[in-house]
> 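Got a structure here, written out as structure tokens. Questions coming.
Below, each value reflects all heavy atoms present in this structure, side chains not excepted, and no hydrogens, waters or symmetry copies. Quantities reported herein were computed from a predicted structural model and do not represent experimental measurements.
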Amino acid sequence: MINVTFPDGAVRQYEAGVSALDVAKSISEGLARKVLAASVNGQVWDATRPINEDATLKLLTWDDTDGKSTFWHSSAHLMAEAVETMFPGVKFWVGPAIDRGFYYDMDLGGKQIGEDDLKALEKKMNELAKQNNAYQRKEIAKAEAIKYFEEKGDEYKLDLLQNLNDGEITFYTQGQFTDLCRGPHIPTTGSIKAIKLMSIAGAYWKGDEKNKQLTRIYGITFPNQKELDEYLLMLEEAKKRDHRKLGKELSIYTMDDDVGQGLIMWLPNGTIIIEELEKLAKETEAEAGYKRVVTPHIAKESMYLTSGHLPYYADSMYPPMELEGEKYYLRSMNCPHHHKIFAAEPKSYRDLPYRVAEYGTVYRYEQSGELFGLMRVRCLHMNDAHIYCTKEQFAAEFKAVNDMYLKYFKIFGIDKYVMRLSLHSKEKLGVKYVNEPELWLETEALVRDVMTEAGIPFIEVQDEAAFYGPKIDVQIWSVIGREFTLATNQVDFSQGRSFKLQYTTQDNTSETPLIIHRAPLGTHERFIGFLLEHYAGKLPVWLAPLQVKILPISEKFIPYCQEVQRQLRKAGVRVEVDERNEKIGKKIREAELGKVPYMAVVGEREMAENKLGLRRQGKGDIGAQAVDEFLNMILEEIRERKSGE
RNA sequence: GCCACUUUAGCUCAGCUGGUAGAGCAACUGAUUUGUAAUCAGUAGGUCGUUGGUUCGAUUCCGACAAGUGGCUCCA
């Protein structure tokens, strides 16, 4: 007999060799039907795998993250079985569970598949699921495994086997399909009741674009149809707040084939948002001791050789223009110009920290397939600044930048993000990163310490640094789940030396400053794209392109409305009168759909009492108010940059 | 850049197996002068992304190119 300890601390005795599924059955049949996998001594196991020793046991169901991912991983195998049935000779690479569903990468031997194939595969998967086949685990010797896949001619699984040893190799079989897999899996295919194959994509083998491209099929499954329907509905809802849709509906920006891919033209509404953001940045930066500068969008090749952009970043730059025997590049970053500003006049330690800020326009030649609405474009406006400081000043300056983020995030109510310490990768020194192994480690430690001391939670990721140093990136997600860096705070130990930037110390010697590159508001493009989604288009009053819409009940009240408009405009409020010959219901509806924060209905009563019949977007009628009373209220809301709800 | 898909009026979308296109909203005109999420009527608007090919005939079939979308690689 063995002792099985449950999450609540209860201990029950079972015969050795009992499976988690048996345990579940001993509790209730209903529970047994729901069990997908089990956590045995903290490891996720097949629910059917025998437990031979004392163990702590947690039964995993659809409600557990590990239960879901086991379910999805098993679904990937089910899909593979369907694929193999329909396309004999297919070779498989890997098929993991992901945040939402699963995928499987495969080599279809040059065969192209399309959406019709997905439908056929779904149908096949449903048939196979109904067979209710068991997922059977088998431990297997390496030699035998190699033999199996050699006979099958599957070089991908053979590649996987290279890194595995005897004793850690298992095969899983369900129905007619056998796969090299560490598991675990759900007990039987029958619990997969609702299946949706989402898309086909190319995926480079091992994620390297020099390798062959495999076919990847994404799918998702659920234990019942209702949850699948809900999931698909949720995706539909998310699309409604997609910044590309809102950007069009609210006339924020436009693009044009004749202008070029990834080149945003900001319409008047979008431009208002830009100007408000810049106002916020300029106020904040002035307060924090930054000086503003303005620099050109191009520079000669020589500067980008000095900066390291041409050796390390050339792929992301537009090709040069030649004139008068010189090559000029459109800039992809503002830093070199700012370094020249630093170098323009001699600096002493008394001038440091020297902080220069510019809403800098940069151009990046992003590959066409990477462009994405406002989030990934080829011309961007960065909330850029560079801080030149001594080593001693670094920690305080770096922290001050982090505080600036947090201050901004509070204003915008941004709370779903991850701070990421992006480190270099040793293998790519001299290729992607400047070749200074010691300095990398030193500055990475410096940043790590600042973050730890400030008590700001962060994660560390290899091979994500800038070419000139490590950075803290703030990661956010678009409504369709794509991850982006919203803001960034970077250390640069390299360009100061390349540009021979120096300051005179107290001892009258020369030192090279450390440089911080920072963009707490990221770029206008990505930040506004993010804000549109974050607010679902319902921007707070201070950012709203149109803040108040005055809606006359009939044309008799237009002169009064225009007078109110004059008053509000004089105070700096963005206001318009809906003078159209329409009924009030329609004017309200359109203002609501246009996401105008305040609507002022004006009829006989309001005009007689010098009032406005107010509505708040999304909330409906909030009662009548005197014009100056309303003006004071909205001015305060704007001044305080209140977030609305 | 690579894989898959999409592209019809300003917007959202119909258009079965090839016989040169339709709706709703928006726009314009007129009527109505309106009290908290769509007043009624009329008018105008499209060489069906571009370009080759197949065909008596192409929005429809095939190819190329462009842009967009979902991924991969890459990134603020």
> Quiz question: going by heavy-atom distance under 3.5 Å, is there a donor-acceptor pair between the base of B:G71 and the side chain of A:Glu370?
no

> Measure from CZ on A:Arg378 to P on B:C74 and round the result to the nearest Å.
18 Å

> A:Tyr598 and side-chain contact (heavy atoms from CB on, under 4.5 Å): which partner among A:Val575, A:Leu612, A:Val548?
A:Val548

> Closest approach to the side chain of A:Arg580, judged atom by atom: which nucleotide of B:G1, B:C74, B:A27 is it?
B:A27

> With a 4.0 Å limit, can you tell me whether A:Lys556 has a side-chain N or O closer than that to the phosphate oxygens OP1/OP2 of B:G35?
no

> Taking only the C1' atom of each, what is the distance from B:C48 to B:U29 in whole angstrom?
29 Å

> Reading RNA chain B from 5' onward, which residue's closest nucleotide shows up sooner: A:Asp208 or A:Glu604?
A:Glu604

> Using both distances under 3.5 Å as the test, list the Watson-Crick or G-U wobble partner of B:G22, or none.
B:C13

> Taking CG from A:Leu593 and P from B:U12, how many angstroms apart are they, rounded to a whole number?
15 Å

> When the P atoms of B:C5 and B:A58 are considered, how many whole Å apart are they?
25 Å

> Can you confirm whether A:Ser425 sits close enough to A:Lys428 that some side-chain heavy atom of one is under 4.5 Å from a side-chain heavy atom of the other?
yes

> Thinking salt bridges, do A:Lys549 and A:Glu590 make one under a 4.0 Å N-O criterion?
no

> Could you identify the nucleotide paired to B:C2, looking across every strand shown and requiring Watson-Crick or G-U wobble geometry with both distances under 3.5 Å?
B:G71

> Do A:Gln213 and B:C2 share a donor-acceptor pair, side chain to base, under 3.5 Å?
yes

> Whom does B:G46 pair with, Watson-Crick or G-U wobble, provided both distances fall under 3.5 Å?
none

> Heavy atoms only, 4.0 Å cut-off, all strands: where does A:Ala203 land among base, sugar-phosphate and nothing?
sugar-phosphate

> Given the C1' atoms of B:G18 and B:G53, what is the spacing between them in whole Å?
15 Å

> Could you check, using the six-membered ring where one of them is a Trp, whether A:Phe467 and A:Tyr433 have ring centers closer than 6.0 angstrom?
no

> Reckon A:Gly369 touches a base, only the sugar-phosphate, or nothing at all at heavy-atom distances under 4.0 Å?
base

> So A:Leu214, base contact, sugar-phosphate only, or nothing? Heavy-atom distance under 4.0 Å.
nothing

> On a heavy-atom basis, which atom in A:Ile200 and which in A:Glu115 lie closest, and how many Å separate them?
CD1-N, 4.3 Å

> Between the base of B:A76 and the side chain of A:Gln490, is one N or O donor paired with an acceptor at under 3.5 angstrom?
no

> Is the shortest side-chain N/O distance from A:Lys432 to OP1 or OP2 of B:C75 below 4.0 Å?
yes

> Of the candidate nucleotides B:U33, B:C72, B:G70, which contains the atom at the shortest distance from the side chain of A:Ser199?
B:G70

> Hunt down the Watson-Crick or G-U wobble partner of B:U54, both distances under 3.5 Å, from any strand shown, or write none.
none

> Heavy atoms, side chains only, cut-off 4.5 Å: are A:Ser478 and A:Phe530 in contact?
no

> So which nucleotide does B:C40 pair with, by the Watson-Crick or G-U wobble rule with both distances under 3.5 Å?
B:G30

> If you check the A:Arg376 side chain, which of B:A76, B:A26, B:U36 turns out closest?
B:A76

> Can you tell me if the side-chain N/O atoms of A:Gln112 get under 4.0 Å from OP1 or OP2 in B:C3?
no

> State whether A:Arg216 places a side-chain N or O below 4.0 Å from either non-bridging phosphate oxygen (OP1 or OP2) of B:C3.
no

> Please tell me which of the listed nucleotides, B:A37, B:C72, B:U12, lies nearest to the side chain of A:Lys248?
B:U12

> Who does B:U7 pair with, Watson-Crick or G-U, both distances under 3.5 Å?
B:A66

> Could you tell me if A:Arg292 and A:Tyr290 have a donor-acceptor pair between their side chains, going purely by distance under 3.5 Å?
no

> Would you say B:A76 has OP1 or OP2 under 4.0 Å from some side-chain N or O of A:Arg518?
no

> A:Glu592 has a side chain; which of B:A76, B:U33, B:A37 sits nearest to it?
B:A37

> May I ask you to say what A:Leu486 touches in the nucleic acid, namely base, sugar-phosphate or nothing, with a heavy-atom cut-off under 4.0 Å?
sugar-phosphate

> With distance as the sole criterion, do the side chain of A:Tyr204 and the base of B:G1 form a donor-acceptor contact below 3.5 Å?
yes

> What distance, rounded to whole Å, do you find between the two P atoms, one in B:C62 and one in B:U69?
24 Å

> Does B:C72 have its OP1 or OP2 closer than 4.0 Å to a side-chain nitrogen or oxygen of A:Arg482?
no

> Should A:Lys432 and A:Asp463 count as an ion pair when the cut-off is N to O under 4.0 Å?
yes

> Tell me the interatomic distance from A:Phe557, atom CZ, to B:U33, atom C1', rounded to whole angstroms.
9 Å

> Of the listed nucleotides (B:U36, B:G70, B:A38), which one gets closest to any side-chain atom of A:Ile584?
B:U36

> For nucleotides B:U8 and B:C2, find the distance between their P atoms and express it as a whole number of Å.
24 Å

> Give me the distance, rounded to whole Å, that separates B:A21 from B:C25 when you measure between the P atoms they each carry.
23 Å

> Can you see if the side chain of A:Gln367 gets near the phosphate of B:C2 - specifically, an N or O under 4.0 Å from OP1 or OP2?
no

> For the side chain of A:Ile200, counting heavy atoms from C-beta on, which of B:A4, B:U39, B:C75 is nearest?
B:A4

> Identify whether any heavy atom of A:Val362 sits under 4.0 Å from a base atom; if not, whether one sits that close to sugar-phosphate; answer base, sugar-phosphate or nothing.
nothing

> Using a 4.0 Å heavy-atom cut-off, does A:Phe484 contact any base of the nucleic acid, only the sugar-phosphate backbone, or nothing at all?
nothing

> Using the C1' atom as the point on both nucleotides, what is the distance between B:G10 and B:C28, in whole Å?
13 Å

> Do the ring planes of A:Phe412 and A:Tyr408 sit parallel (below 30°), tilted (30 to 60°) or perpendicular (above 60°)?
tilted

> With respect to the side chain of A:Lys583, which nucleotide from B:G70, B:A76, B:U39 is positioned closest?
B:U39

> Closest approach to the side chain of A:Arg605, judged atom by atom: which nucleotide of B:G70, B:G35, B:U39 is it?
B:G35

> Determine the contact category for A:Lys471: base if any of its heavy atoms lies under 4.0 Å from a base atom, sugar-phosphate if only primed atoms, P, OP1 or OP2 are that close, otherwise nothing.
sugar-phosphate

> Could you check whether A:Lys245 pairs with A:Glu249 (Lys NZ or Arg NE/NH1/NH2 to Asp/Glu carboxylate O, under 4.0 Å)?
yes

> Provide the distance between the two C1' atoms, one in B:U20 and one in B:U47, to the nearest whole Å.
9 Å

> Starting from C1' on B:U69, measure out to CE on A:Met198 and report it in whole angstrom.
13 Å

> What does A:Gly207 touch in the nucleic acid at a heavy-atom separation under 4.0 angstrom: a base, only the sugar-phosphate, or nothing?
sugar-phosphate

> Report the residue (A:Met255 or A:Arg615) whose heavy-atom-nearest nucleotide on RNA chain B is the more 5′ of the two.
A:Arg615

> Nearest whole angstrom, please: distance from the C1' of B:U69 to the CG of A:Leu371.
12 Å

> Among B:G35, B:C75, B:A66, which nucleotide sits nearest the side chain of A:Arg364?
B:C75

> Rounded to whole angstrom units, what separation is found between the CD atom of A:Glu483 and the P atom of B:U73?
13 Å

